[in-house]
Amino acid sequence: MRPPPVAVAPASLWPEITIVTDAALCFATWNINSIRARAHLVHDWLDRNPECTLLALQEIKCEEHQFPSSFAEAGLHVAILGQKAYNGVAFISRRPISVTMQGLPGVTDPASRYIEVECDGFRLGNLYLPNGNSGGDEGYARKIAFFDGLTERSRTLLAQKIPFAFIGDYNVCPTDADLAPGALSAQDALVRPETRSAFRRLLWTGLTDALRALHPSGPYYTFWDYQSAAFQRNSGIRIDHALLSPRAAERLKSVSIDRDERAREKCSDHVPVIIKLA
DNA sequence: ATGGCTATTGATAATAGA
């Protein structure tokens, strides 16, 4: 057991903020678009990224019992919230993890889209937000309802003074700088003003968009459509994000997007985003 | 305007993704 963090400065604007000495931590998020189709890519990636302690996966597209056993057999810790055919989120970790939540309070959508774990005193929420383009008004309402649930969850964790990150596929381009010209129509649920507003309401609970904190301008994409040679044309969008609690944000060292993964054979249409905390 | 890619399934055509 490691000792609890030692506070050396008083709380400021956010009650959770204190300057602390915590162990370094590296984690990543990756919408894998079927773990069964791409388990080998995940193993390869983990082998090449030994410093990454936790990997959050989205769209595993299987039930718990269908999740490849190779990860646990390799000595990795696994936490899964799955369902048949669609959605599904999971953690693969080099360190022990305990599940603190499955699904978000108040979110009635039965789809498997949120799992949260504790690891060495840090909390990680792994989310796959509804796309919102299908299912008409009801489908879009589920997207906004998920944002509301996540916003409430942020307030709860902040009130509990737990350092955390919400990582995953948010299915939102926060600003026009987060998509290539022409990559999406203006009516798309990923860029609708109501979607961006919901994202900002979540941010304004006191969270930090890790990539933009370190890279305020310029195009950074995490998804390229399989169609129309989108990757070759770099017609991408940034929809996979890491939002950090204040105490986590103070420790932010780097954010990197592993775009090389998009060039691999039979790859996912998303690439890993890696976050390092001091 | 359409199709274009890729995955899934009480498939082999439909649905969802983004």
Side-chain angles (χ1 to χ4, degrees), chain A residues 29-42 45 56-68 80-90 109-114 126-147 150 167-199 211 219-241 257 259 261-273:
Chain A
T29 177
W30 193 4
N31 180 321
I32 196 60
N33 185 18
S34 172
I35 186 61
R36 289 178 293 175
R38 295 185 234 286
H40 62 291
L41 291 177
V42 175
W45 190 88
L57 299 169
Q58 302 86 37
E59 282 203 90
I60 61 171
K61 293 189 171 178
C62 68
E63 297 176 282
E64 284 85 346
H65 71 274
Q66 299 173 304
F67 196 91
I80 306 161
L81 180 66
Q83 70 176 83
K84 185 186 285 287
Y86 298 117
N87 310 314
V89 286
D109 182 354
S112 295
R113 294 182 178 275
Y114 185 81
N126 173 6
L127 63 114
Y128 174 47
L129 226 131
N131 173 296
N133 279 312
S134 62
D137 291 346
E138 201 176 308
Y140 187 73
R142 282 197 290 273
K143 178 170 194 147
I144 299 302
F146 193 100
F147 264 119
L150 197 58
I167 57 178
D169 179 356
Y170 283 73
N171 269 317
V172 51
C173 301
T175 74
D176 286 344
D178 297 310
L179 73 163
L184 297 173
S185 84
Q187 293 75 39
D188 196 288
L190 279 61
V191 298
R192 276 174 62 166
E194 302 93 323
T195 305
R196 288 174 167 173
S197 176
F199 183 79
L211 183 119
Y220 291 87
Y221 305 139
T222 65
F223 168 96
W224 295 261
D225 201 294
Y226 287 125
Q227 303 178 69
S228 314
F231 184 61
Q232 286 70 22
R233 297 185 294 112
N234 196 27
S235 179
I237 61 181
R238 186 175 77 99
I239 55 176
D240 299 276
H241 308 299
I257 297 173
R259 64 175 282 143
E261 279 304 317
R262 189 61 182 80
R264 292 172 71 95
E265 187 90 9
K266 288 282 191 179
C267 60
S268 170
D269 37 10
H270 299 246
V271 297
V273 180

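None of these values were measured; they are calculated from a predicted model. Values below: all heavy atoms of this structure, side chains included; hydrogens, waters and symmetry mates excluded. Residue numbers start from 1 in every chain, and the chains themselves are labelled A, B, ... in the order their sequence lines are given, proteins ahead of strands.
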Point to revise | Of residues 169-184 of chain A, the positions that come close to DNA chain B - non-hydrogen atoms, cut-off under 4.0 Å | key: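 Hits under 4.0 Å, by residue number: Asp169(A), Asn171(A).
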Check your understanding: Which of residues 131-145 of chain A sit near DNA chain B, with a heavy atom under 4.0 Å from it?
Key ->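 Listed by number, they are Asn131(A), Ser134(A).
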Point to revise | For Arg196(A), all residues meeting side chain to side chain donor-acceptor pair (under 3.5 Å), sequence neighbours excluded | key: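 Only Asp176(A) meet the side chain to side chain donor-acceptor pair (under 3.5 Å) criterion with Arg196(A).
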Could you work out the separation of [N] and [M] based on their [atom1] atoms and round it to a whole Å?
N       : M       : atom1 : result
dA14(B) : dA1(B)  : P     : 23 Å
dA18(B) : dT12(B) : P     : 24 Å
dT6(B)  : dA11(B) : C1'   : 15 Å

In whole angstrom, give the distance that lies between atom [atom1] of [X] and atom [atom2] of [N].
X         : N       : atom1 : atom2 : value
Leu57(A)  : dA7(B)  : CG    : P     : 16 Å
Phe223(A) : dA7(B)  : CZ    : P     : 13 Å
Tyr128(A) : dA16(B) : OH    : C1'   : 8 Å
Gln83(A)  : dT8(B)  : CD    : P     : 14 Å

Practice item. Measure from the side chain of Tyr86(A), starting at C-beta and using heavy atoms only, and say which of dA18(B), dT9(B), dT15(B) lies closest. Key: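 My answer, after comparing the listed nucleotides, is dT15(B).
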Point to revise | Flag if over 12 foreign heavy atoms under 6.0 Å of CD, Gln232(A) | key: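 It does: Gln232(A) CD has more than 12 such atoms within range.
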Review point. Among Gln58(A), Lys61(A), His270(A), which one satisfies side-chain contact (heavy atoms from CB on, under 4.5 Å) with Asn33(A)?
Key: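 Exactly one candidate clears the test, Lys61(A).
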**Study point:** Tyr114(A) and Phe146(A) aromatic ring geometry - parallel, tilted or perpendicular at 30°/60° bounds
**Key:**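 The arrangement is perpendicular - the two ring planes meet at more than 60°.
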Point to revise | Whether Trp224(A) and Phe231(A) hold their rings parallel, tilted or perpendicular, with breakpoints at 30° and 60° | key: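 Taking Phe231(A) first and then Trp224(A), their aromatic rings stand perpendicular (interplane angle over 60°).
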Exercise for review: Please work out if Asn31(A) contacts a base, only the sugar-phosphate, or nothing of the nucleic acid, heavy-atom cut-off 4.0 Å.
Suggested key: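 Here Asn31(A) touches the backbone only, sparing every base.
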Check your understanding: Between Leu129(A) and Arg36(A), which has a closest nucleotide on DNA chain B that is more 5'?
Key ->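 Closer to the 5' end of DNA chain B: Arg36(A).
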**Study point:** Residues in side-chain contact (heavy atoms from CB on, under 4.5 Å) contact with Ser235(A), at least two apart in sequence or another chain
**Key:**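 Here the qualifying residues are Ala180(A), Ala183(A), Ala230(A), Arg233(A).
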Point to revise | Test salt bridge (Lys or Arg N to Asp or Glu O under 4.0 Å) applied to Asp240(A) - qualifying residues, sequence neighbours left out | key: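 In terms of salt bridge (Lys or Arg N to Asp or Glu O under 4.0 Å), with neighbours along the sequence ignored, Asp240(A) is linked to no residue.
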Atom pairs, protein N/O to nucleotides 1-6 of chain B N/O, distance under 3.5 Å:
| from | atom 1 | to | atom 2 | distance (Å) |
| --- | --- | --- | --- | --- |
| dG4(B) | N9 | Gln227(A) | OE1 | 2.6 |
| dG4(B) | N7 | Gln227(A) | OE1 | 3.0 |
| dG4(B) | N3 | Gln227(A) | OE1 | 3.2 |

